[in-house]
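Just so we're on the same page: letters track the sequence lines, and every chain starts at 1. Here the structure is a predicted model, which is why all the values come from computation and not from measurement.
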Amino acid sequence: VQIGSALVDMYAKCGCIIDARNVFDNLSQRNVITWSTMITGCIQHALYDDAFQLFDSMQEQGIEPNEVTFLSTLKACAIQGNIEQGWRLHARVILSGLGAHTAVGNALIDMYSAWQSHQDTCAVFQRMQKRDVVSWTSMIGMYTQDDALGLEGISYYGKMKEDGIQPNPITYGYVLKLMSSMAALEQGREIHACIIEGGMESTDIICNALIDVYSRCGRLMDAFLTFERVHRKTLSTWSALLMACARHGDYLLALEIFTDMLSSGLKPDDVVFLCLLSACKSVTESCRHFKSMRDDHGIIPRPEHHNSMVDVLGHAGCLDEAEDLLESNHFGGN
RNA sequence: AAGUAACGUCG
């Protein structure tokens, strides 16, 4: 059974979900782990219907889902916004006696938060018996969805510390995001001090968040200094810096950054181009990058890219061209 | 042998 489960897992993680399924179907012995592995594999490949069919079949065959099974199926409901299935799972969690399981509770928080059901999220959180970093961090994360709720998010950060739970870089990533959206500078400094105290000031996730904070405060230099400290620069890192240039109105600098990024070997994605386009001031530059994105990098323009172009055209006073572009934009952007 | 929060654009 163990070998079988491991095989299914291996194929699923290699991206061969078909092979995983073949192995799974041909196994003579399957336990909860085998089923959960297969279900998780399907979910990672966005095969949600298959996942839930398997979830039903396993029970028909007398195998009860355990906490791990619930963790991945709840996540699937969160991602696809499958409300009926999510409620059903929540009920099943309670029936299975897993109502007090911390990780399962966290998955529920995350699901309701992804659905934007504020009430349900809070209800689950309050009923939890043991809350860990993930529970608190997920709550704080929920409050980053809406700028108006920033203060509430910060209050969770305070309560978390009172509760003796140590925030981690992910927590601080969210907290910094809240701070910058509220433009709370003094509080931001306090947080920064805590981050340094915790020895987390050089973790990539925090640096990426800091680049953003600095750029919103107009501190381009600090954004750059932070950028230098990032060990593994990802697309997020680069686009945060591109946005910093864009906010600063420095197209040439953005272009230089973009070129550096290309020579570092990373492949730009649609978001990187959005940032670059938002730094463009002239129609020629903007068109050039737009075409290069589509033709050289094979990225299908989204409505947002067109909108970015429309902005530049508008600023340049080319209203007719802007209108043409808007009309050719069939994706419903404005 | 399976598992929950993870940083960038606009939203």
Interatomic distance, [X] [atom1] vs [N] [atom2] [rounded to whole Å]:
X         : N     : atom1 : atom2 : answer
Ile140(A) : U4(B) : CD1   : P     : 20 Å
Ile43(A)  : U4(B) : CD1   : C1'   : 12 Å
Leu74(A)  : U4(B) : CG    : P     : 11 Å

- Shared-cluster residues of Val271(A), by chain and number - hydrophobic side chains joined below 4.5 Å: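 Hydrophobic cluster check, Val271(A): no partners found.
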- Item | Side-chain cluster (under 4.5 Å, hydrophobic types only) that Leu255(A) belongs to, other residues |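 Tyr251(A), Leu252(A), all in the cluster of Leu255(A).
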- Parallel, tilted or perpendicular: rings of His306(A) and Phe290(A) (30°, 60°):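 Ring orientation of Phe290(A) relative to His306(A): perpendicular.
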Please set out all donor-acceptor pairs under 3.5 angstrom arising from side-chain atoms of residues 174-198 of chain A, sequence neighbours excluded.
{"unit_1": "Ser180(A)", "atom_1": "OG", "unit_2": "Lys177(A)", "atom_2": "O", "d": "3.2"}
{"unit_1": "Ser181(A)", "atom_1": "OG", "unit_2": "Leu178(A)", "atom_2": "O", "d": "3.0"}

- Message: What verdict does the side chain to side chain donor-acceptor pair (under 3.5 Å) test give for Thr234(A) and Thr237(A), after you've listed the backbone C-alpha separation in whole Å, the side-chain angles of each residue and the deciding distance to 0.1 Å?
- Response: CA-CA 5 Å; Thr234(A) 60; Thr237(A) 317; 3.3 Å; yes
- Hey, could you give me each pair passing side chain to side chain donor-acceptor pair (under 3.5 Å) that has a residue in residues 6-16 of chain A? Not counting sequence neighbours.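 Counting only pairs at least two positions apart or across chains, the side chain to side chain donor-acceptor pair (under 3.5 Å) contacts touching residues 6-16 of chain A are Asp9(A)-Lys13(A).
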- Task: May I ask you to verify whether the side chain of Ser5(A) and the base of A1(B) hold a donor-acceptor pair under 3.5 Å?
- Result: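 Looking at the base of A1(B), it does pair with a donor or acceptor on the side chain of Ser5(A) (distance under 3.5 Å).
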- Message: Check this for me, if you would: do Arg288(A) and Glu285(A) make a salt bridge, where the nitrogen-to-carboxylate-oxygen distance has to be below 4.0 angstrom?
- Response: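 Salt bridge between Arg288(A) and Glu285(A), a charged N being under 4.0 Å from a carboxylate O: yes.
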- Can you sort out which residues in residues 6-13 of chain A have a heavy atom within less than 4.0 Å of RNA chain B? Ascending by number, please.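 Here the set is Ala6(A), Asp9(A), Lys13(A).
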- Heavy-atom protein contacts under 4.0 Å, nucleotides 5-11 of chain B, coded B base, S sugar-phosphate only, - none: BBBBBB-
- Determine whether the aromatic ring centres of Trp35(A) and Phe55(A) lie less than 6.0 Å apart.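 Here the rings of Phe55(A) and Trp35(A) have centres that are no less than 6.0 Å from each other.
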